[in-house]
S.K.: 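My questions all concern the structure below.
The model shown is predicted, which means the values in this text are computed figures rather than measured ones.
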Amino acid sequence: MLSVGKLTAGAEDYYLKTVAEGAEEYYLGSGEAPGYWLGSGADKLGLAGEVDPDYLRALLAARVPVTGEPMGLRQKAGARVAGFDLTFSSPKSVSLLYGLASPDTSEAVRAAHDAGVAAGVAYLDLHGAFARRGAGGARRIGTAGLVGAAFRHRTSRSGDPQLHTHVLVANAVEAGDGRWSALDARVTYYHARTAGFVYEAVVRHELATRLGLSFTSVVNGIAEIGGVGAGAIRAFSTRRLAIQERLAEWGSDSPRAAQLATLATRPAKQVGKVGGDANDHGTLTDAWRARARQIGLEPAHLEALTGPHRLLHLDGGTVGEIADHLLSPEGLTAQVAAFERRDVVREVAASCPDGASLTVIEHIANEVMASPEMVALGTTGPGGEERHTTRELLAIEKALRDTALASTSTGRAQASEERVAGIIRQRPTLSAEQAGMVRRAVTSGDGVEMVIGVAGAGKTYALDAAREVWEKEGHRVYGAALSARAAGGLAEGAGLDATTIAFFEMSLDDGSIRLGRGDVVVVDEAAMVGTRTLARIVDAADRAAAKVVLVGDDRQLPNPHRFESTCGSWRLRYHEFACKRMSSTVSPR
């Protein structure tokens with residue numbers, strides 16, 4: 001796992017102070033290993049081997065190491081970020097093996113972790129180390145890469161085994177013209193998650209080849225060592241348990257709450273101590289082994305999980321299987337309509353159960369990108385790379401658009417002007433804009449209607465009036481939403497017979513819901529519904545001559561490809577225009 005945080009001036013002293021003064025101090029557990037230089041930018045500066053504290057301080061103060069020459073970075077007074085802390089953390093089972101196993105095994109785990117860190121930084125060197133030039137930083141330029149100082153630590157703040165490395169990356173990169181610029185951190189952040197997946201895949205690969213280990217299924221890029229019980233992992237995860245307990249006290253599990261709980265439960269790091277108690281055994285390993293035996297975990301059990309070296313080779317058939325999966329409906333477009341190369345790299349890394357080297361991961365990603373099933377969209381995503389989709393998804397979107405366009409003015413669930421006028425008169429609290437939406441929705445006769453409104457604009461209240469019109473005209477009206485909570489809100493606020501989209505689809509499949517001519521299906525939060533799901537609902541409605549009303553807020557979309565905005569908090573899109581925009585506004589599934 002990789003996390004990224006900002007580094008303020010002077011923060012490097014913490015890492016420098018944790019370094020052991022000698023080998024004896026390190027092995028007694030009262031200090032950490034010396035830092036070492038990392039990154040192609042460091043190579044270019046001639047920085048190699050152990051970190052010189054003066055050079056690191058100069059670097060983070062925007063001065064060239066060795067010479068001390070100012071880099072000439074433009075900055076606002078008091079606003080400069082000195083650098084970034086890239087923290088690569090090993091899975092807990094890997095940390096347990098490192099902390100409890102024999103010296104030879106522990107050294108092999110350490111080497112695997114270091115290889116993963118180097119690969120993660122190398123990926124960022126290639127894809128996430130850019131500078132910006134020109135007015136407003138409009139021009140993005142390549143650089144010599146990151147200049148980083150890596151500090152490996154063995155423990156968590158709670159004293160548990162936690163093998164992790166802080167890579168202190170300077171907020172300065174050297175461009176091809178020899179000038180220094182601040183790092184375009186936005187691109188680095190965008191690629192950080194992928195670099196974390198690369199780290200995990202390389203660690204798995206190194207552990208499999210060095211120690212013959214096998215792993216559990218990869219979830220969110222992370223896999224544990226097979227055979228390490230969940231109980232042992234929990235017992236040595238006291239830091240995480242403290243955070244979870246604080247979240248339970250607060251009754252919240254939002255990302256912001258997790259961040260606050262992390263800070264609120266953060267103890268001072270104990271150097272030379274385990275869990276806050278003096279290390280009576282003289283070494284961290286002895287103390288950890290004693291704790292392990294208390295919960296019935298014998299270090300010998302962990303050692304027994306290792307085996308002969310495994311020679312791992314991804315042949316052409318395996319590469320083809322990975323590519324086929326990623327280009328299938330269950331692959332890259334399972335959750336998003338469009339993606340960048342970084343997304344491909346991430347999914348390739350996660351698709352290798354025993355991991356792979358960065359070279360192999362990049363090679364497979366290139367094979368996927370070169371597939372004739374891949375379609376470039378001609379737009380640039382947040383990661384600075386061109387966005388792509390698949391021919392299969394485009395075909396579904398085209399069929400969806402064609403179906404919607406063909407249903408124009410077909411008299412679907414069309415109500416009389418007299419009826420709608422009467423209902424609107426009975427609801428004087430409807431605004432003029434809401435009333436206009438109701439009138440258009442119930443009288444157009446179009447097979448696919450689209451309603452867009454920001455949160456709080458009163459969409460549900462207006463839909464209640466439309467629902468009353470349709471029902472008085474003899475049309476059945478169904479509601480469907482992504483979550484049960486949203487479906488409940490739709491039922492309560494608009495009086496609809498509403499359920500989740502998943503249950504609605506299942507009911508269509510098993511025949512418990514049979515759409516008929518003139519029926520209406522209201523899909524709430526439609527901008528968040530997958531293209532494949534939406535296509536199935538629209539197709540089922542079209543075959544029954546029913547009407548679909550797509551309701552949502554385009555601002556919910558997690559990418560810049562959104563509906564074009566128009567004036568007013570309420571607007572109804574005629575489906576001819578809306579469907580032209582559909583491929584860039586809905587996510588697949």
Side-chain angles (χ1 to χ4, degrees), residues 253-254 334-337 396-397 400 403-404 412-413 434 437-438 441-442 446-471 475-510 512-515 519-542 544 546-559 562-563 569-573 575 578-579 581-582 585-589:
D253 59 358
S254 69
Q335 300 293 335
V336 295
I396 292 175
E397 290 187 343
L400 177 55
T403 299
R412 306 274 179 93
Q434 289 171 326
M437 184 282 286
V438 173
V442 301
D446 295 343
V448 178
E449 208 80 61
M450 188 172 288
V451 176
I452 304 174
V454 298
K459 298 187 293 292
T460 305
Y461 178 64
L463 283 172
D464 185 44
R467 187 262 319 155
E468 184 178 359
V469 172
W470 279 316
E471 289 184 343
H475 304 293
R476 293 182 300 177
V477 186
Y478 299 93
L482 282 174
S483 66
R485 181 176 181 179
L490 198 59
E492 181 179 355
L496 294 172
D497 180 11
T499 185
T500 64
I501 289 175
F503 188 80
F504 183 78
E505 278 199 283
M506 184 176 67
S507 299
L508 289 176
D509 292 339
D510 65 19
S512 54
I513 290 180
R514 296 180 181 274
L515 294 177
D519 288 350
V520 179
V521 180
V522 177
V523 180
D524 198 17
E525 297 182 340
M528 305 298 290
V529 179
T531 301
R532 296 184 181 93
T533 297
L534 202 59
R536 289 191 294 268
I537 292 174
V538 169
D539 183 63
D542 186 64
K547 181 185 185 76
V548 176
V549 180
L550 307 177
V551 184
D553 176 6
D554 57 302
R555 300 183 188 185
Q556 290 178 310
L557 292 169
N559 60 60
R562 301 175 174 179
F563 294 101
S569 62
W570 257 99
R571 59 264 192 199
L572 178 113
R573 294 294 174 82
H575 66 262
C579 291
R581 301 289 302 170
M582 196 168 293
T585 57
V586 291
S587 57
R589 178 98 114 177

S.K.: List for me each residue that meets salt bridge (Lys or Arg N to Asp or Glu O under 4.0 Å) alongside Asp539, sequence neighbours excluded, and say none if there are none.
M.R.: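 Scan of Asp539 (salt bridge (Lys or Arg N to Asp or Glu O under 4.0 Å), adjacent residues dropped) gives Arg543.
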
S.K.: Give, for atom CG of Asp509 and atom CE of Met506, the distance between the pair rounded to the nearest 0.5 Å.
M.R.: 9.0 Å

S.K.: Atom OH of residue position Tyr461 - does it have more than 12 heavy atoms of other residues, nucleotides or ligands inside 6.0 Å?
M.R.: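 Yes, OH of Tyr461 has more than 12 neighbouring heavy atoms, counting only those of other groups under 6.0 Å.
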
S.K.: Out of Val477, Asp524, Thr460, which one pairs with Leu496 under the side chain to side chain contact (heavy atoms under 4.5 Å, CB included) rule?
M.R.: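 Answer after filtering Val477, Asp524, Thr460: Val477.
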
S.K.: Once you round to the nearest 0.5 Å, how far does CD1 of Ile513 lie from CG of Asp497?
M.R.: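 The CD1 atom of Ile513 sits 7.0 Å away from the CG atom of Asp497.
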
S.K.: Where is the tightest heavy-atom contact between Glu397 and Thr531, given as atom of each residue plus distance?
M.R.: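 Scanning both residues, the minimum pair turns out to be CG-CG2, 3.5 Å.
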
S.K.: Tell me, please, which residues at least two apart from Asp464 pass salt bridge (Lys or Arg N to Asp or Glu O under 4.0 Å).
M.R.: Arg427, Arg467

S.K.: So, the side chain of Lys459 versus the backbone of Ile452: is there a donor-acceptor pair under 3.5 Å, distance only?
M.R.: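 Looks like no, no N/O pair under 3.5 Å.
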
S.K.: Provide the closest heavy-atom pair for Gly479 versus Leu490 in the form atom of the first, atom of the second, distance.
M.R.: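 That closest heavy-atom pairing would be CA-CD2, 3.9 Å.
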
S.K.: With sequence neighbours left out, what residues match Glu492 under side chain to side chain donor-acceptor pair (under 3.5 Å)?
M.R.: none

S.K.: Restricting to non-hydrogen atoms, name the atom on Ala535 and the atom on Leu400 that form the minimum distance, rounded to 0.1 Å.
M.R.: CA-CD1, 4.0 Å

S.K.: If you compare all heavy atoms of Val438 against all heavy atoms of Ala465, which two are closest, and at what distance to 0.1 Å?
M.R.: CG2-CB, 4.1 Å

S.K.: Could you check if a side-chain atom of Leu534 sits within less than 4.5 angstrom of a side-chain atom of Leu550, using non-hydrogen atoms only?
M.R.: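 Yes. Closest side-chain heavy atoms under 4.5 Å.
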
S.K.: Could you report the tightest heavy-atom contact between Ala462 and Gln434, atom names first, then the distance?
M.R.: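 Here Ala462 and Gln434 meet closest at CB-CB, 4.1 Å.
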
S.K.: State, with a plain yes or no, whether a side-chain heavy atom of Val523 is found less than 4.5 Å away from one of Phe504.
M.R.: no

S.K.: Looking only at heavy atoms, what is the nearest atom pair of Ala540 and Leu508, with distance?
M.R.: CB-CD1, 4.1 Å

S.K.: Check whether any side-chain heavy atom of Ile537 lies under 4.5 Å from a side-chain heavy atom of Val529, and answer yes or no.
M.R.: no

S.K.: With sequence neighbours excluded, give me every side chain to side chain donor-acceptor pair (under 3.5 Å) pair touching residues 477-491.
M.R.: Arg476-Tyr478

S.K.: Suppose we screen for side chain to side chain donor-acceptor pair (under 3.5 Å). Which residues come up paired with Asp542, at least two apart in sequence or across chains?
M.R.: Arg412

